[in-house]
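Structure, as structure tokens:
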Amino acid sequence: MNKYDPNKIEAKWQKHWEKNKTFCVKEDSKKKKFYSLIEFPYPSGEGLHVGHPRPFTAMDVISRKRRMDGFNVLYPIGFDAFGLPTENHAIKTKQQPAVVTKKNIANFTRQLKLLGYSFDWDRVVDTTDPKYFKWTQWLFLQFYKHGLAYKKNQPINWCPKDKIGLANEEVVNGCCERCGTAVEQRNKEQWMLAITKYAEKLLQGLKEVDYITPARVSQENWIGKSEGALVNFALENSDEKLQVFTTRPDTLFGATFMAVSAELAKSWLDKGWKVSKEIEKYLEKTLSEQKVLDRVEKEKTGIATDKFAINPVNGKKIPVWITNYVLGGVGTGAIMAVPAHDERDFEFAKKFGLPITQVVAPYFYDSNNPPRSDKKTVKRINIQAVVKHWSEDKVIQIQWKEQPWKTFVIGGAEAGEKLEDAVKREVLEETGYKNIKSIKRVGMELRSEWFAAHKDENRYANMNVFEVELADGEKDELSAEESEKHVVAWVPYKDIPSFAGVGELAYIWKELNNKSGCFCEDGVAINSGEFSELKTAETKEKMIAWLEEKKIGKRQVNYKLRDWVFSRQRYWGEPIPLVYCEACAKNKRFESKGEEMNPGWIPVEEKSLPLELPKVDKYEPTDTGESPLAPMTDWVNTKCPRCGGKARRETDTMPNWAGSSWYFLRYTDPHNDKAFAGKDALKYWMSVDWYNGGMEHTVLHLLYSRFWNEFLFDLGLVPTSEPYKKRTSHGMILGPDGEKMSKSRGNVINPDEMIEKFGTDSFRTYIMFMGPFDQAVMWDTNGLVGVRRFLERVWFLQEKISDSPASANAISVLHRTIKKVGEDIDTMRYNTAVAALMQLTNDLMKEETIDKNTYKILIQLLSPFAPHLSEELWAEYGEKDLTFSAWPKFDPALAKSATFTLAVQINGKVRDTIEVDSEISEADVKELVLKSEKVQKWLEGKEPKKIIYIKGKLASVVI
RNA sequence: GCCCGGGUGGUGAAAUUGGUAGACACAAGAGACUUAAAAUCUCUCGCCGCAAGGCAUACCGGUUCGAUUCCGGUCCCGGGCACCA
């Protein structure tokens with residue numbers, strides 16, 4: 001046997017796969033397809049980062065396993081190569097970005113090939129290749145023609161360092177996502193894509209796909225759908241209305257003031273509203289503060305005005321305030337403030353002494369004693385008292401004798417009785433304590449419903465909770481009647497959450513500790529006229545109906561999602577293929593919706609695509625925010641494709657996200673020059689069966705590419721509305737110090753070095769073994785040593801191969817491993833899959849000899865992780881095409897072992913283990929267990945109460 | 001603040017319809033082989049204890065014969081969103 005020499009083996013098989021085009025696929029209607037996708041890398045000058053191989057290897061393992069499962073697998077690769085780092089590097093080194101890109105792609109390709117991935121290298125795409133971006137431009141024109149692209153002058157987020165406009169999504173905490181520089185607001189004409197038109201579709205589409213929860217949730221949050229109502233408030237002494245959007249129309253009765261944004265107030269000023277000097281000053285200050293984009297929560301400020309609004313539901317006059325916490329760009333720029341049920345309004349009302357009116361009561365029903373539909377319901381006013389000890393940190397717990405309840409002091413208020421008096425009376429009656437120091441309300445008035453078994457009726461209570469401090473321990477004897485019903489106990493304050501028997505316990509506990517005084521959840525309407533005692537959902541519906549009937553409001557759906565700023569003022573991106581023609585603007589002869597919306601903007605003719613970038617020496621970004629293409633008059637001045645007259649080109653380029661919004665479609669037919677992809681290819685391969693990528697792309701890239709795909713689906717150009725069936729995400733690989741890898745920290749691991757030292761197979765297997773795939777893991781080169789040892793052992797096992805049949809134990813372990821590895825790969829639990837393979841290998845090492853068949857199955861199971869070593873050994877034993885060999889079949893009968901270790905528990909603790917026959921009967925187990933010396937010892941001659949037998953696992957003796 | 005994750009040996013981590021906590025690896029220690037080193041192999045390895053046994057899955061309580069797993073509460077860490085009305 002030769003020594004295991006990974007470098008030699010790996011080079012050999014990589015050449016073999018390349019020469020034979022093993023992983024290049026064609027559409028084959030006879031075979032089921034599987035399309036696995038990774039996010040194509042940005043080919044930076046740094047070369048491959050050790051983070052790349054984690055998702056790449058993971059999906060390679062899946063792809064290789066799917067091939068062995070009989071699927072026709074497409075696993076493509078490409079390069080997302082437009083973008084800032086390359087452009088900046090090119091500027092610095094005085095090269096053409098195209099040249100730099102080419103070099104970087106070559107280096108990435110070399111590195112990726114060293115990793116032995118089963119990519120279809122015939123389908124490589126490069127977003128900067130004119131043959132590719134011809135279709136990116138063509139697709140943009142479809143958006144344009146269908147009226148989904150429009151030009152808009154609006155403040156944009158400008159990064160002064162990168163000299164580039166940013167989409168809202170690219171601004172993080174008021175700073176540039178890429179470089180961290182504080183973002184400024186600038187006015188600029190920008191091309192926009194109307195992604196908001198697809199908000200509902202993008203939201204609904206999430207229901208039919210299998211995305212990991214965080215990915216789905218963050219998309220939902222980003223789309224930010226909220227349903228509610230628009231309500232018009234009449235202004236006193238004016239014909240004007242003040243319109244607000246609210247998601248809580250059910251709280252209308254609780255609106256005690258109006259809050260408007262500074263922007264809205266300013267617009268009133270411009271219309272001639274006369275205000276005091278103070279208000280003028282306040283507006284000026286607030287507006288200038290809001291220009292600075294910082295997302296940190298500010299101290300709430302505000303100023304009262306001379307305006308009053310009329311609350312349409314109760315005719316009450318309520319003041320209009322200008323505030324800084326209502327934003328101009330959100331909703332209508334004004335709100336109705338309901339301080340009892342909105343934290344922000346609450347905070348503001350407290351600060352300025354504005355009235356707070358409760359109109360929603362927290363609602364609870366006791367799930368242990370739910371109201372019964374066959375019993376009558378009695379309405380009552382109730383009180384509960386949390387009675388605190390005069391010197392210790394304890395409260396009274398009433399322990400009921402007839403019911404399993406442990407409650408506070410609880411009772412009813414009699415007709416006309418003041419609630420505080422009821423509290424005093426009940427405390428005296430139920431506990432005997434006489435001297436009360438203070439009584440304070442806890443939380444709000446609430447509603448509670450339960451079945452009162454002792455009275456055989458349902459109770460619907462107007463419940464009021466009080467905190468009662470005793471002055472001292474002086475008390476009366478309890479009446480015989482009371483002491484028969486319950487026991488009075490003092491329990492530690494912190495044990496309150498373990499009380500039982502009241503539905504509202506959690507609410508009381510929260511309010512006791514955090515006296516916010518504001519309730520923002522659903523409940524029951526109170527103090528709301530005809531709507532009182534209705535549940536929140538029902539109140540909303542009825543209120544909207546009422547508003548619509550009275551013509552003072554209507555149902556409204558809002559989305560947080562904003563349209564996509566699609567212009568960039570940089571060189572290294574796809575030119576936007578539009579020209580501006582003044583003559584055509586005047587003629588008003590529009591050939592598409594886009595031209596109607598953007599008069600004078602004429603699409604470049606499709607036959608003249610791609611519109612390439614001019615090759616020039618100087619393409620630095622400008623400080624003015626103008627595109628570097630703008631001064632290139634030779635390129636800019638052109639003929640109008642419509643009228644032949646003078647025209648100039650759009651000088652903005654597309655954002656980085658454009659090319660990556662449809663690359664998965666191009667992979668299905670990458671060389672097509674008649675269409676972005678052929679219908680048959682799309683029909684066969686789409687949609688992507690499994691897409692793995694970084695969490696950082698779950699909002700932007702995922703949303704944008706879904707948007708493009710859904711738009712193309714509506715045009716009938718792609719076969720499915722959702723592009724990805726399944727989406728998963730990998731955790732980050734951290735440096736050996738547990739920090740994010742970065743050059744400045746000096747904790748960067750170079751994959752080339754690792755591969756040279758340990759071999760690709762060890763590297764791949766280690767990356768899969770490191771830890772749970774979806775969690776961040778620390779790099780540890782020592783771990784790589786361990787994996788290399790494992791592969792050495794697999795290699796060494798050849799020595800043990802003989803003609804004698806496999807032992808029963810070996811067969812059993814082998815079959816359990818077949819099951820485990822297959823299942824673990826399918827669910828991305830790679831770390832335990834590798835552990836199982838190690839276990840099997842260790843077990844086989846202990847065998848005298850092993851048979852060839854067992855060894856070959858081990859090789860197959862290992863092959864997705866360590867394909868080179870596996871191919872070499874597979875060939876060694878006279879086989880061909882490991883890639884397409886059938887995945888080993890699990891046989892449950894063979895996986896069974898003859899005996900198992902029975903754990904014997906006594907009162908839940910393991911006291912003994914006995915090796916027993918797998919087919920042992922329950923009766924035999926019980927007999928055997930009782931014979932055990934250890935059990936005898938613990939029993940001390942007594943009879944066990946019972947013996948529980950869990951088949952194949954354990955017996956539990958209860959004493 | 002809200003929404004997701006997560007908290008288990010010296011380290012990375014295993015363990016799901018509730019059933020032997022620590023699989024698999026790393027590190028460490030002891031030994032074998034060797035002139036020596038590396039490599040390899042064997043053994044030990046949660047904590048306390050000579051042992052019997054006790055204590056251990058962030059913490060407190062509950063349900064259960066039995067809880068890392070289920071329920072209630074508390075604390076801490078990571079990620080995302082953040083005056084969205």
Side-chain angles (χ1 to χ4, degrees), chain A residues 172-173 212-218 220-222 224-226 228 244-248 259 261 295-298 300 323-327 329-338 342-345 347-348 492 494-500 505-506 509-510 513 516 520 558-560 695-696 698-699 731-732 766 769-772 774-787 789-790 792-793 796 829 831-839 841-842 845 901-913 937 944-959:
Chain A
V172 176
N173 290 327
I212 44 165
T213 310
R216 201 199 64 240
V217 169
S218 48
E220 283 167 357
N221 290 344
W222 196 262
K225 182 178 184 174
S226 53
V244 301
F245 173 69
T246 178
T247 55
R248 293 295 300 267
S261 61
R295 297 281 175 92
V296 193
E297 199 166 314
K298 282 183 235 157
K300 288 183 181 50
T323 74
N324 70 336
Y325 80 96
V326 175
L327 306 177
V330 178
T332 63
I335 60 162
M336 63 174 205
V338 185
D342 182 284
E343 300 227 8
R344 295 152 300 179
D345 298 343
E347 193 189 326
F348 191 84
K494 65 170 178 54
D495 286 355
I496 289 176
S498 66
F499 282 27
L505 185 71
W509 176 243
K510 223 178 99 199
N513 294 298
S516 78
C520 307
N558 269 14
Y559 297 92
K560 253 199 303 196
M695 277 309 295
E696 68 274 23
T698 50
V699 173
M732 226 192 305
Y766 170 61
F769 181 61
M770 289 176 91
D774 56 353
Q775 277 170 40
V777 280
M778 247 183 269
W779 183 267
D780 176 15
T781 305
N782 276 322
L784 194 40
V785 174
V787 172
R789 281 183 199 144
F790 156 59
E792 299 268 8
R793 280 200 296 279
F796 174 81
R829 290 194 300 240
N831 52 334
T832 50
V834 175
L837 287 166
M838 287 174 167
Q839 181 84 266
T841 303
N842 292 348
M845 285 294 275
T901 312
L902 177 78
V904 181
Q905 290 189 338
I906 293 168
N907 285 346
K909 293 214 166 175
V910 178
R911 299 297 180 186
D912 198 5
T913 55
K937 193 186 128 195
K945 279 193 194 136
K946 59 176 164 175
I947 300 174
I948 297 155
Y949 174 54
I950 305 297
K951 196 162 183 281
K953 295 230 161 95
L954 60 72
S956 185
V957 181
V958 185
I959 298 176

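Reckoned from all heavy atoms, side chains included, excluding hydrogens, waters and symmetry mates. Order of the sequence lines sets the chain letters (A, B, ...), proteins ahead of strands, with each chain counted from 1.
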From CD1 of Ile947(A) over to C1' of G66(B), roughly how many Å is that when rounded to an integer?
15 Å

Using the rule given for side-chain contact (heavy atoms from CB on, under 4.5 Å), can you reason through Leu327(A) versus Ser261(A), listing the C-alpha separation, both sets of side-chain angles and the distance that settles it, and then say yes or no?
CA-CA 5 Å; Leu327(A) 306 177; Ser261(A) 61; 5.7 Å; no

Quote, to the nearest angstrom, the P distance that separates A13(B) from U17(B).
23 Å

Could you pull out all residues at least two apart from Phe348(A) that satisfy ring pair (Phe, Tyr, Trp, His ring centres under 6.0 Å)?
Phe257(A), Trp321(A), Tyr325(A), Phe352(A)

Nearest-Å distance, NZ (Lys946(A)) to C1' (G66(B))?
11 Å

Only counting residues at least two apart or in another chain, list the ones meeting side chain to side chain donor-acceptor pair (under 3.5 Å) with Asp912(A).
Ser932(A)

Check nucleotides 52-56 of chain B against the protein and report each pair of N or O atoms closer than 3.5 Å, with its distance, or say if there are none.
| unit_1 | atom_1 | unit_2 | atom_2 | d |
| --- | --- | --- | --- | --- |
| G53(B) | OP1 | Lys937(A) | NZ | 3.2 |
| G54(B) | OP1 | Arg911(A) | NH2 | 3.3 |
| G54(B) | OP2 | Arg911(A) | NH1 | 2.9 |
| C55(B) | OP2 | Lys909(A) | NZ | 3.2 |

Validation row, ring centre Tyr766(A) to ring centre Trp779(A) under 6.0 Å
yes

Just how far, in rounded Å, is P of C2(B) from CH2 of Trp222(A)?
21 Å

What residues, two or more places apart in sequence or in another chain, satisfy side chain to side chain donor-acceptor pair (under 3.5 Å) together with Asn842(A)?
Arg793(A)

Atom CD of Glu792(A) and atom P of A39(B) are separated, to the nearest Å, by 12 Å

Distance between the C1' atoms of G22(B) and C47(B), in whole angstroms?
13 Å

Roughly how far, to the nearest 0.5 Å, is the CZ atom of Arg911(A) from the CD atom of Gln905(A)?
10.0 Å

Would you kindly compare Ser261(A) and Asn221(A) by the position of their nearest RNA chain B nucleotide and give the one closer to the 5′ end?
Asn221(A)

To the nearest angstrom, how far is Leu327(A) atom CG from C84(B) atom C1'?
8 Å

Given the structure, check if the side chain of Lys945(A) and the base of C65(B) hold any donor-acceptor pair shorter than 3.5 Å.
no

Whole Å only: how far is the CE atom of Met336(A) from the P atom of C84(B)?
15 Å

In whole angstrom, give me the gap between the P atoms of C55(B) and G78(B).
34 Å

Taking CD1 from Ile335(A) and P from A85(B), how many angstroms apart are they, rounded to a whole number?
11 Å

If the condition is side chain to side chain donor-acceptor pair (under 3.5 Å), which residues does Ser226(A) pass it with, not counting sequence neighbours?
none

Does Ala836(A) have any side-chain contact (heavy atoms from CB on, under 4.5 Å) partners at least two apart in sequence or in another chain, and if so, which?
Thr817(A), Lys820(A), Val821(A)

Measure from CD on Glu696(A) to P on C81(B) and round the result to the nearest Å.
12 Å

Where along nucleotides 7-26 of chain B does protein come under 4.0 Å, by heavy atom, of base (B) or sugar-phosphate alone (S), with - for untouched nucleotides?
-----BSS----BB--BBSS

Just wondering, do Asn831(A) and Pro772(A) contact through their side chains at under 4.5 Å, heavy atoms?
yes

The correct list of stems in which RNA chain B takes part (3 or more consecutive Watson-Crick or G-U pairs, distances under 3.5 Å) is B:1-7 with B:75-81, B:10-12 with B:24-26, B:28-32 with B:40-44, B:46-48 with B:53-55, B:58-62 with B:70-74

Using O4'-C1'-N9-C4 for purines and O4'-C1'-N1-C2 for pyrimidines, with syn meaning within 90° of 0, is G9(B) syn or anti?
syn

Go through the steps to decide whether Ile212(A) and Met695(A) satisfy the test side-chain contact (heavy atoms from CB on, under 4.5 Å), and finish with yes or no.
CA-CA 10 Å; Ile212(A) 44 165; Met695(A) 277 309 295; 4.2 Å; yes

Under the side chain to side chain donor-acceptor pair (under 3.5 Å) test, which residues partner Lys494(A), sequence neighbours left out?
none

Return the set of residues passing side-chain contact (heavy atoms from CB on, under 4.5 Å) with Lys560(A) (not counting sequence neighbours), or none when no residue passes.
none

On RNA chain B, does the nearest nucleotide to Asp345(A) precede the nearest nucleotide to Val958(A) from the 5' side, or the other way round? Give the residue.
Val958(A)

Less than 4.5 Å apart, any side-chain heavy atom of Thr323(A) and any of Lys300(A)?
no

Steps toward side-chain contact (heavy atoms from CB on, under 4.5 Å) verdict (Ile906(A), Ile959(A)):
CA-CA 7 Å; Ile906(A) 293 168; Ile959(A) 298 176; 3.4 Å; yes

Which residues share a salt bridge (charged side-chain N to carboxylate O under 4.0 Å, His left out) with Glu220(A), sequence neighbours left out:
Arg216(A)

N/O to N/O distances under 3.5 Å, protein versus nucleotides 74-78 of chain B:
none

